[in-house]
Amino acid sequence: MPDLLQLQQLSDSLEGTLFYDELHKKLYATDASAYRIMPQAVAIPKTEDDIVKIIRFASENNVSITPRTAGTSLAGQTVGNGIIVDVSKHFTRIVAFDAQKKTITVQPGVIRDELNLFLKPHGLFFSPTTSTTNRCMIGGMVGNNSSGTTSIRYGVTRDKIVEIKAVLSDGSIAVFKDLTSEEFIQKTKGDSLESKIYKTIYEELSNKENQEEIKREFPKPEIHRRNTGYAIDALLKSELFSGTEDTINLGKLLCGSEGTLAFTTEITLKADDLPPTNNIMVVAHFHTIQESLEAVVTAMKHHLYTCEMMDDTILDCTKTNREQSKNRFFIVGEPKAVIMLEVGSHISMEDAELQADALIKELQDNNFGYALPKIYGADIDKVNEVRKAGLGLLGSIVGDDKAADSIEDTAVELSDLPNYIADFSAMMERHGQSTIYYAHAGAGELHLRPKINLKTKEGLHQFRNISTEVAHLVKKYRGSLSGEHGDGILRGEFLPFMIGDKNYELLKRIKKAFDPNTILNVGKIVNASKMDENLRFEAGRVEPDIKTIQDFSDSLGILRAAEKCNGSGDCRKMPSAGGTLCPSYRATRNEKDTTRARANALREYLTNSEKENKFDHEELYKVFELCVSCKACASECPSNVDVATLKAEFLYQYQKANGFSVRNKIFAFNSKLNKFGSIAPSMTNFIANLSLVKKSMGIASKRQVPLLAPKTFKKWYEKNKKSAETNSFKNGKVYLFCDEFTNYYDVSVGIDAYELLTALGYEVIITDHEESGRAFLSKGFLEEAQIIANKNVNIFKDLISEGRPLIGIEPSAILTFRDEYIRLAKDKESAEKLSKNTFTIEEFFKAEITKGKIHSGQFSDVEKTIKIHGHCHQKSLSTIEASFAMLNVPKNSSVTIYNSGCCGMAGSFGYEKEHYEISMQMGEDTLFPKIRATESTTAIAAAGTSCRHQIFDGTNRKAMHPVTILRDCLK
């Protein structure tokens, strides 16, 4: 094992980075599986030469290396006790493209969806479609032989392999591609490691006894989705080994080998022609699981592009998920299961309709399904998003009984599927277990997950027993224990039984030929660790008692709130995937800056820290530092891991032990300070923007400190408010929340809101209330935030009702009533009741437009083009569509919404000198380029005060609050 000096010497020799600090080791100890293995170091190589050096170092020092891309493996493939080699940051190039041959060469860190964005203009795509396509990488897909929803039509990753360039275990470079029998035999000659590999394969697979053993014991060849050991059965198709194919390619063997045979650095793939654009999805609804599976056999006669299943457990999880609740529109009644059946036509939509109707008729003729709605266009994507979110949604289940990944990847021949599941269900009934069913029914592969508490010894016992029995059941049908997720640690132990001892020994000899010193991803596929060892949770442990100021009872405590993260990595998606999650990762491309890392780190320290204050760790501060509390994770993470809330609690607890900095106090108490500063606003503005003052406060020199208005909005209101006695307010009363940003800085926006509402017939009341507490929350001053929450809830609880709503101008301020106050307020019942009648001003307008109280006749007919950038909290806790509806009221308004992520300002974050550059990078990811490309005559709408400042600083364009734009449109 290498010591620290040796690791430092390796680090010094690399162009990339080597981490061996406790934080990075903890972050890479887990992936999306149930396993946790602490590595010795984490390497982020920059070049192929770096990888060669790491491999040679590993060989010389008897340490294993584990290749890793997005770290979304479900069977523990990307955790190990040696050096984790993460290629996701630097190995992201598309190396070559041949449009005529329809081939493309990529590095392993290229994201699948990014690859398809490149291929689409050429009429091509890489077809394997996993649920993680917006962050999974080609290297991982090759390592696992990924397949996904389209395999029934296009095949699996192995079918697309043209060539693989890899570093072998001695540091030499090899290229694996199609070879004739003669070329293959020529490769066996010589003393290089590559020659020895070819010689071993030739000798082993030429053996007739070995050939017969493989054919007898491996899964049925009709099961196309199979990841059982190494794909030696696929190599037997070559004429070299009595098959019919005239070439052989060891790249097919590397595909699915989980990085245990070589370290891939370039992959050449065969692309497919784009699928048809005339598509219809039939979502068949069933009362029982068994009926749905019997229907699959019938449905698959119809040349489907997709045949995917979801059961009621997953569908129920969508009800409480902010993002997916919008996508469950297609559900009719309360099905036990639905199957999504997609047909397509290159000819016409009429042809697609004929196919869909024929499918529906045959299902009806066989009495399959109680509802068979058709889904069209963009709605198909929404249905697919629910399916893709399946695994993440299961992470949101409250409590310790989780949907365990123990038997979740079995595949059998399609005709065997109903009988197999019937046997499986009977087995689970004997165990007293309910099971979650979802995924690739049309391929004979269902993801089956029992609910098991792996924190208990009884749960651990179930984990092993159920896995063992399922292995025997799969063997009965000569199926594959893994259809697409691989053997890894989870299933490697069962390989001798699944393929026979002789075949297993053959796999070990092949592994030895490739990796004589046993350094490549040790403990995966062959000589695997026990499937019930090295788990994230210690069975029988005593749960730590962690006191928090916020109420985490909805997750049964803050630790379980962090444990919701199952590692599926939705927070690693790129800007091209849309949404906001996760701004800091998008800017740095560092695992440390993902939502997943923050949840994992918090789980690690809350579970394992020996300190009385388990939050008191500098490593936690480092991992939370670049979290901008955008709240995107609260909605876009399928498991609803709300890291902004976790961060607020962490900052409070950490600063209790280590003190609150002067700068944090100034930002947190900004509203209190502004009360004094507004006595002489001109002088305050001058002093605050002096270079010396900014430097002493740690504010970026390139930022202008926001300017206090000459008069506060509250003072303007007191002087200009209109009473019901002198005016006709036909539409009733509304309470306007005078937030601290509008009151001191954006007074003109407050005036616009007031005048707009009164002109439209609403009596606007601003009562005496506290600030929102947003600044306290963002800096971890939770005791102060709690006092404010309690006061505001007490002030408004008897004033606000369905007929008298509370509306707010600044999203981050008004949405505290809907979010943080419920966790902070002592009177939780009143806080929850108040939250139901609290709205952003845009939400209020949308509701009133629907009622007909606000209409186009009240506004001018002047043509206006408007583009909207949504505030992060709006997108997560509210809806940007409300702004769209509001600004579309004038009949000649042309309104579109930017597909933009976080602006990067995030309150005080973008003003802090150490965060300025990364703040601007966040803006550059999507927002700034879109604004620069916008015509100067187009109005830019942004509800957030931080967003408007950031847009100006980044593009020199002035954005306006939607109320200002609409106020200017009044007749």
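Small disclaimer: the values here were computed from a predicted structure and weren't measured.
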| said: Please evaluate residues Tyr652 and Glu783 with respect to the criterion side-chain hydrogen bond (donor to acceptor under 3.5 Å, both in side chains), reporting the C-alpha separation (whole Å), side-chain torsions for both, the decisive distance (0.1 Å), and the verdict. | reply: CA-CA 8 Å; Tyr652 168 70; Glu783 290 181 17; 2.6 Å; yes
| Do Arg818 and Thr840 pass the side-chain hydrogen bond (donor to acceptor under 3.5 Å, both in side chains) test, and can you show the C-alpha distance, the side-chain angles, and the key distance before you say yes or no? | CA-CA 10 Å; Arg818 293 236 289 265; Thr840 65; 6.0 Å; no
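For Arg663 and Glu914, the salt-bridge test passes: some basic side-chain N is under 4.0 Å from an acidic carboxylate O. Contact check on Glu912 versus Lys779 returns a salt bridge, with a Lys/Arg side-chain nitrogen under 4.0 Å from an Asp/Glu carboxylate oxygen. With salt bridges taken as basic N to acidic carboxylate O contacts below 4.0 Å, one links Arg823 and Asp554.
At distances below 3.5 Å, not a single donor-acceptor pair connects side-chain atoms of His617 with backbone N or O atoms of Glu619.
Side-chain contact check for Asp752 and Thr964: at least one donor-acceptor pair (N or O, by modelled atom type) lies under 3.5 Å. Judged purely by distance below 3.5 Å, without hydrogens or angles, the side chains of Asp739 and Thr742 pair a donor atom with an acceptor atom. Side-chain atoms of Thr934 and Tyr898 form a donor-acceptor pair, as typed in the model, at a separation below 3.5 Å. Side-chain polar atoms of Gln704 and Asn689 form no donor-acceptor pair below 3.5 angstrom. In the model, Glu649 has a side-chain atom that pairs as donor or acceptor with a side-chain atom of Gln653 under 3.5 Å.
For the pair Met905 and Asp953, the minimum side-chain heavy-atom distance is below 4.5 Å.
The only member of Phe624, Phe615, Tyr621, Phe660 that meets ring pair (Phe, Tyr, Trp, His ring centres under 6.0 Å) when paired with Tyr654 is Tyr621.
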